[in-house]
Amino acid sequence: MTFSNDKSATATDTLRGGPRRRRVRTGEGAGGRGVPLPLLVPALIGLAFLIVPLIALLVRAPWRSLPDLLTSAEVWQALRLSLVCATAATAVSLVIGVPLAWLLARVEFPGRGLVRALVTLPLVLPPVVGGVALLMALGRNGIVGRWLDSSFAITLPFTTTGVILAEAFVAMPFLVISVEGTLRAADPRYEEAAATLGASRFTAFRRVTLPLIAPGIAAGAVLAWARALGEFGATITFAGNFPGRTQTMPLAVYLALQSDPEAAIALSLVLLAVSVAVLAGLRDRWMTAG
């Protein structure tokens, strides 16, 4: 009788697409035991530490006056400048960052590990230090800026171009890391097959490699754009805080917090919404596994 029941259950599972998986209740670990209290308590504290400030920002937001605040001349000026500069910084990162990622992923050369470490250094470097480094390199008395000023009368610090360069400096490593990882995961045999058919290495890169790594480039570009949009330290150090010329949204938030807290909250909500949108768009690539 037991054999017949087992056989019937097996047949039923086969018709339904396979055997049922045993459900494991939420909160049970190995052996069916609950979550250990010494792990649960700090985990909940950490969750609250990250979420409560965001909830407080939403609770204290001036929702009734939010449309007026976001459409005021000062806020709109900072918003427009931020969007333009972040987009331009992303474009700069794409033009020079994708070839750099390809170089790190496909070409063997002495000191490649050191080059990769230097490329990723802005990720951990304090942004203010990055701004000082840009001043020493591209300022009027910098090692490159002195030549630009004397030969071409080009001044980069405290200009809108300076904002773009500062944002690209801190954002490009996100793009390079994303594209390099995608290149390493891509099968190089497709490029080798293109080479055997007579394609040059650049043609193989343009016609074969780029379509393969397009999702990684898109993900890296979005991350770089979001990082550029939220950049503060390098921007204020290298480009200053001049309304209409170098005052981006993070700088406007810092300035408004001293005189108009409601405007600061409104701008913060815009940056928060952009960050949430970026995470939502990249959740399948960065926030899930398997």
Side-chain angles (χ1 to χ4, degrees), residues 69-97 121-175 221-275 278:
L69 291 171
L70 291 180
T71 54
S72 64
E74 296 80 7
V75 172
W76 177 248
Q77 199 174 50
L79 177 61
R80 181 179 58 83
L81 183 65
S82 294
L83 294 176
V84 170
C85 291
T87 303
T90 304
V92 171
S93 300
L94 284 169
V95 170
I96 61 180
L121 187 60
L123 293 176
V124 296
L125 194 70
V128 174
V129 177
V132 173
L134 288 172
L135 277 175
M136 296 302 101
L138 301 176
R140 283 190 173 182
N141 295 320
I143 57 177
V144 177
R146 181 186 296 112
W147 172 72
L148 290 175
D149 188 31
S150 60
S151 301
F152 303 99
I154 296 177
T155 303
L156 297 175
F158 309 107
T159 63
T160 303
T161 304
V163 175
I164 296 172
L165 293 178
E167 292 180 351
F169 179 78
V170 300
M172 193 173 71
F174 289 90
L175 174 72
V222 172
L223 285 173
W225 185 83
R227 180 64 184 89
L229 189 68
E231 169 52 31
F232 176 83
T235 302
I236 196 171
T237 305
F238 182 65
N241 185 20
F242 301 101
R245 190 170 65 181
T246 64
Q247 187 181 88
T248 57
M249 281 200 294
L251 274 63
V253 170
Y254 178 77
L255 187 65
L257 192 60
Q258 305 175 26
S259 58
D260 190 357
E262 289 191 349
I265 295 174
L267 280 171
S268 299
L269 287 175
V270 174
L271 294 175
L272 177 62
V274 170
S275 301
V278 169

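What you see is a predicted model, and the numbers here were worked out from it, not measured in a lab.
Atom CG of L255 sits about 10.5 Å away from atom CD of E74, to the nearest 0.5 Å. Note that CD1 of I164 and OG1 of T248 are 11.5 Å apart. Values are rounded to the nearest 0.5 Å. Atom CG of N241 and atom CD of Q247 lie 4.5 Å apart (nearest 0.5 Å). Here CG of L271 is found 12.0 Å from CZ of F232. Values are rounded to the nearest 0.5 Å. Separating the CZ atom in R146 from the OG atom in S151 is a distance of 11.5 Å, to the nearest 0.5 Å. With values rounded to the nearest 0.5 angstrom, L229 atom CG is found 6.0 Å from L83 atom CG.
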| request: Kindly determine whether M172 and I96 satisfy side chain to side chain contact (heavy atoms under 4.5 Å, CB included), including the steps that lead there. | output: CA-CA 9 Å; M172 193 173 71; I96 61 180; 3.4 Å; yes
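The main-chain N or O of A234 is never found under 3.5 Å from a side-chain atom of T237 such that the two would form a donor-acceptor pair. Remark: side-chain polar atoms of S82 are paired, donor with acceptor, to backbone N or O of M249 under 3.5 angstrom. Judged by distance alone, the side chain of T246 and the main-chain N or O of G240 form a donor-acceptor pair under 3.5 Å. Formation of a donor-acceptor pair under 3.5 Å by the T159 side chain with backbone atoms of L156 is found in this model.
Closest heavy-atom contact between V253 and A264: O-CB, 3.7 Å. The two residues G97 and L175 have their closest heavy-atom pair at CA-CD2, 4.3 Å. Between P157 and G139, the shortest heavy-atom contact is CG-CA, 3.5 Å. Heavy atoms only, all atoms of each residue included: L134 and L165 are closest at CD1-O, 4.5 Å. A228 and A89 make their closest contact through CB-CB, 4.2 Å (heavy atoms, listed as atom of the first residue, atom of the second, distance). Nearest heavy atom pair, residue A224 against residue T90, reads C-OG1, 4.1 Å.
Using a 4.5 Å heavy-atom cutoff, the side chains of F238 and L138 are in contact. Between F174 and L123, the closest side-chain pair of non-hydrogen atoms falls below 4.5 Å. Counting heavy atoms from C-beta on, the side chains of C85 and T160 come closer than 4.5 Å. Contact of the Q77 side chain with the L81 side chain is not registered, since no non-hydrogen atoms from C-beta on lie closer than 4.5 Å. Within the 4.5 Å cutoff, side-chain heavy atoms of R140 are placed close to those of T155. For the pair I154/D149, no side-chain contact is recorded, criterion being any heavy-atom separation below 4.5 Å from C-beta on.
Residue pairs meeting the salt bridge (charged side-chain N to carboxylate O under 4.0 Å, His left out) criterion with at least one member in residues 229-247, sequence neighbours excluded: R227-E231.
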